[in-house]
Amino acid sequence: MSPEALANCITGWQKAKGRNDLPWQLHNDPYHVLVSELMLQQTQVKTVIPYFERWLQTFPTIEALASASEDEVMTLWQGLGYYRRARNLHAAAQKVVRDYQSEIPRSAAELKEIPGIGPYTVGAIRAFAFDAPAAIVDGNVKRLFARLFALPYEVNKSTNDRYFWQLAEHFTPARDNRRFAQGLLDLGATICKPQQPLCALCPLAKVCQALQLGKVNALPKRQQKKAIPTRKGHFLLDVSARGIVLEQRPASGIWPTLWCLPEVAQAPDAQLWTRFRHTFSHYKLDGHVWLATPPGNGTTRRIACHQLDEVGLPAPIRKLLQQLIASEVCNQQD
DNA sequence: GAGGCGTGGCA
DNA sequence: TTGCCAAGCCT
């Protein structure tokens, strides 16, 4: 299939059937594209939309974001996960304001040096913000190519990325790449889905190798990943009418810089308040919450219940504290 | 270059 | 309930 033929097919389909009303598509604003692309890394569109809306209300411009405090940024990002992205986005805004007079650069070389912008996001910003002929390769694109050409490469093995990038660059059109790139993502997300793809609605059905060979459900190939372990975690709950003791987590590791119940290495000699389970990408947490007073070091604060919305909390911790507040305490006085 | 890094949607 | 996997990046 010629690059022109594939581009025409995908852009024609995108115009008629693709997603053209997503909130970050309304103005093709480079700042909007930057924010959305960082949020969309490993995160579904439906999850991102409300975060993106709140983000633009709070930080309407890249200058507003650059001058925000780290706490404001983390509070707004709470619940979205992969928190390093928030720190990267904050640092990216500051770099663009300082080094590029607040104008997001267009070149791949300059974009690549901005925190949080890797190979995919370089292409996405060039394509979506500037309509430049830059290739993108993400999970959607790899799955679509793997099926279209019946490729045997495992899509979750980083050493195979070069094959997909080579294909993506070969097929990237010189004109109208914004729509072509969007079409690749839309096709992957809505038609060429991982499970139960809608081949009857696919504009590429006649040329899809996987479909001809009856391999749609066997592709893309994936390298088997090993089972994730379970770890125990011990958290201390110290609650009074004056609030709950929280501790800011270190900048590395899980939940960086978020506020959390103080975590200790071993179970204390105390009363168990509750347990909870939480699944991360790479391990399961068997959480224990003990009624105990944490050792007060410099990173702990007692935070009133009505002020909990003002700090960034990990999703499972926020749920626990909501339970706590609904059940008792805090309501006593204030 | 393999593993760390979140959370939720959806079968 | 469980498992899969998502508009990846960084070290």
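All chains are named by letter (A, B, ...) in the order of the sequence lines, taking the proteins before the strands, and each is independently numbered beginning at 1.
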Contacts of A:T121 that satisfy side chain to side chain contact (heavy atoms under 4.5 Å, CB included) - sequence neighbours left out: A:E37, A:L38, A:Q41, A:I117, A:I125
Residues A:W77, A:Y51; criterion ring pair (Phe, Tyr, Trp, His ring centres under 6.0 Å); working and verdict: CA-CA 7 Å; A:W77 197 276; A:Y51 282 89; 7.4 Å; no
Distance test, side-chain N/O of A:H282 to OP1/OP2 of B:dG4, below 4.0 Å: no
Any A:R84 side-chain N or O less than 4.0 Å from OP1/OP2 of B:dG6: no
Applying a 4.0 Å non-hydrogen cut-off, can you work out what [X] is touching in the nucleic acid: base, sugar-phosphate, or nothing?
| X | answer |
| --- | --- |
| A:W77 | nothing |
| A:I254 | sugar-phosphate |
| A:K226 | sugar-phosphate |
| A:R318 | nothing |
| A:Q182 | base |

Gap between atoms NZ and P, on A:K157 and B:dA2 respectively (whole Å): 7 Å
For atom CG of A:L34 and atom P of C:dC9, their distance in whole Å: 12 Å
CZ/A:R175: more than 12 non-hydrogen atoms of other groups inside 6.0 Å: no
A:K193 atom NZ, neighbour heavy-atom count above 12 within 6.0 Å: yes
With 3.5 Å as the limit, what N/O pairs link the protein to nucleotides 7-11 of chain B?
from: B:dT7; atom 1: OP1; to: A:Y83; atom 2: OH; distance (Å): 2.6
from: B:dT7; atom 1: OP1; to: A:A315; atom 2: N; distance (Å): 3.0
from: B:dT7; atom 1: OP2; to: A:W255; atom 2: NE1; distance (Å): 3.0
from: B:dT7; atom 1: OP2; to: A:H278; atom 2: NE2; distance (Å): 2.8
from: B:dT7; atom 1: O3'; to: A:G79; atom 2: O; distance (Å): 3.3
from: B:dG8; atom 1: OP2; to: A:K319; atom 2: NZ; distance (Å): 3.1
from: B:dG9; atom 1: O4'; to: A:Q44; atom 2: OE1; distance (Å): 3.2
from: B:dC10; atom 1: OP1; to: A:K46; atom 2: NZ; distance (Å): 3.0
from: B:dA11; atom 1: O3'; to: A:Q196; atom 2: NE2; distance (Å): 3.1

Quiz item: A:R19 side-chain donor-acceptor pair to C:dA7 base, under 3.5 Å: yes
5′-ward residue of the pair A:R222/A:Q41 relative to DNA chain C: A:R222
Gap in Å between the two P atoms, one belonging to C:dA7 and one to B:dG3, rounded: 24 Å
Whole-angstrom distance between B:dG9 and C:dC9, as gauged at atom C1': 23 Å
Ion pair A:R19/A:D186, N-O distance below 4.0 Å: yes
Six-ring centre of A:W259, A:R249 cation under 6.0 angstrom, axis tolerance 45°: no
Parallel, tilted or perpendicular: ring planes of A:H288 versus A:H234, cut at 30 and 60 degrees: tilted
